[in-house]
Amino acid sequence: MDVRIGVTYTAKEIDIDLGPDADGDAVKADVDSALSGETSVLWLTDRRGRRVGIPTDKIAYVEIGSPEAERRIGFGT
């Protein structure tokens, strides 16, 4: 499962591969609790075991998806 996080005041995104066994609902719940002010940092662990922390006041958007999802390029129908 891929998680893409947009950060304010920068054009770069944080792209984290959580691995195939990650639970999308659990990730969404972690993001919801972080953005509700319960914590000041959103911590995620990637598939290699590395921990990534993002200050919640810098999060612009969060996109949760599967790496197997179809990605379209060009002018398709």
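Quantities reported herein were computed from a predicted structural model and do not represent experimental measurements.
At least one side-chain heavy atom of Ile64 sits under 4.5 Å from a side-chain heavy atom of Lys28. Side-chain contact check for Ile54 versus Val41: every heavy-atom pair is 4.5 Å or farther apart. A 4.5 Å side-chain heavy-atom check between Ile16 and Thr45 finds every atom pair outside the cut-off. A heavy-atom distance below 4.5 Å is not found between the side chains of Ile59 and Asp57.
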Show the numbers, then the answer: is there a side chain to side chain contact (heavy atoms under 4.5 Å, CB included) between Asp2 and Leu18? CA-CA 6 Å; Asp2 284 338; Leu18 300 180; over 6 Å; no

Might you work through the side chain to side chain contact (heavy atoms under 4.5 Å, CB included) test for Thr39 and Asp30, ending with a clear yes or no? CA-CA 10 Å; Thr39 61; Asp30 290 344; over 6 Å; no

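For Thr56 (side chain) and Ser40 (main-chain N/O), a donor-acceptor pair under 3.5 Å exists by modelled atom type.
Counting heavy-atom neighbours within 6.0 Å of Arg48 CZ, excluding the residue itself, gives a total of 12 or less.
Between Ser33 and Ser36, the shortest heavy-atom distance links the atoms O-OG, 2.9 Å.
For Arg50, the salt bridge (charged side-chain N to carboxylate O under 4.0 Å, His left out) partners are Asp46, not counting sequence neighbours. Considering only residues two or more places apart in sequence or on other chains, Glu13 meets the side-chain contact (heavy atoms from CB on, under 4.5 Å) condition with Arg4, Tyr61.
With rounding to the nearest 0.5 angstrom, the OG1 atom of Thr10 is 11.0 Å from the NZ atom of Lys58.
Hydrophobic clustering keeps Ile5 apart from Trp43 (ILVMFWY residues linked when any side-chain heavy atoms are closer than 4.5 Å, directly or through intermediates).
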